[in-house]
Amino acid sequence: MATYEYRCPDCGLFEVHLPIGTATAVRDCVACHRPAPRIFSSPYLSRVPSAVAAARTLEEQSRDAPEVVTSMPPPRRRPQPQHPALPRLPRP
C-alpha cells in the first residue's frame with residue numbers, strides 16, 4: 001500500500017492509503033467532501049533510527065570539515081583495585 005497526499009482547499013492536507021498506481025488526480029476530502037487535488041511529495045522509503053541518522057550526519061560533517069588534532073591525548077590510567085585479591089577473582 002502506498003500513501004497518497006491530497007490538499008483540500010478548506011481542510012488542508014490529508015493522506016489516503018491505496019494500492020500502488022490506483023490513486024486518482026482528484027479525490028473527495030474525508031472531512032468536507034469537496035474535491036481535493038493530489039499533491040506530489042518525496043517518497044518515504046524507510047525509517048532510519050535517530051542514532052543511525054545522527055551517526056550519518058556526523059560522518060558527513062567529518063568528511064567535509066574534519067576536526068584537526070594538535071596534540072596527543074593524555075594516556076588513560078586504569079584505577080588500581082582496592083584489594084590485591086580482586087584481580088584474581090573469576091570474571092562473569
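Residues: numbered from 1 along the sequence shown.
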Q: Measure the spacing between CE of M1 and OG1 of T22 and express it to the nearest 0.5 Å.
A: 7.5 Å
Q: Let's go through Y6 and I39 carefully: what are the C-alpha distance in whole Å and the side-chain angles of both, what is the deciding distance for side-chain contact (heavy atoms from CB on, under 4.5 Å) to 0.1 Å, and is it a yes or a no?
A: CA-CA 5 Å; Y6 292 87; I39 61 169; over 6 Å; no
Q: Report the C-alpha separation of E59 and R63 in whole Å, then their side-chain angles, then the decisive distance to 0.1 Å, and conclude whether the salt bridge (charged side-chain N to carboxylate O under 4.0 Å, His left out) test is met.
A: CA-CA 6 Å; E59 185 271 332; R63 183 184 329 145; 3.0 Å; yes
Q: What heavy-atom pair brings P35 and V26 nearest, and what distance separates the two atoms?
A: CB-CG1, 3.7 Å
Q: Do T3 and E15 have side-chain N/O donor and acceptor atoms under 3.5 Å apart?
A: no
Q: Could you list all the side-chain hydrogen bond (donor to acceptor under 3.5 Å, both in side chains) pairs where at least one residue sits in residues 28-39, not counting sequence neighbours?
A: D10-R34
Q: Considering only heavy atoms from C-beta outward, does the side chain of F14 approach that of C29 to under 4.5 Å?
A: yes
Q: Could you state the interatomic distance from CZ (F40) to OH (Y4), rounded to the nearest 0.5 Å?
A: 9.0 Å
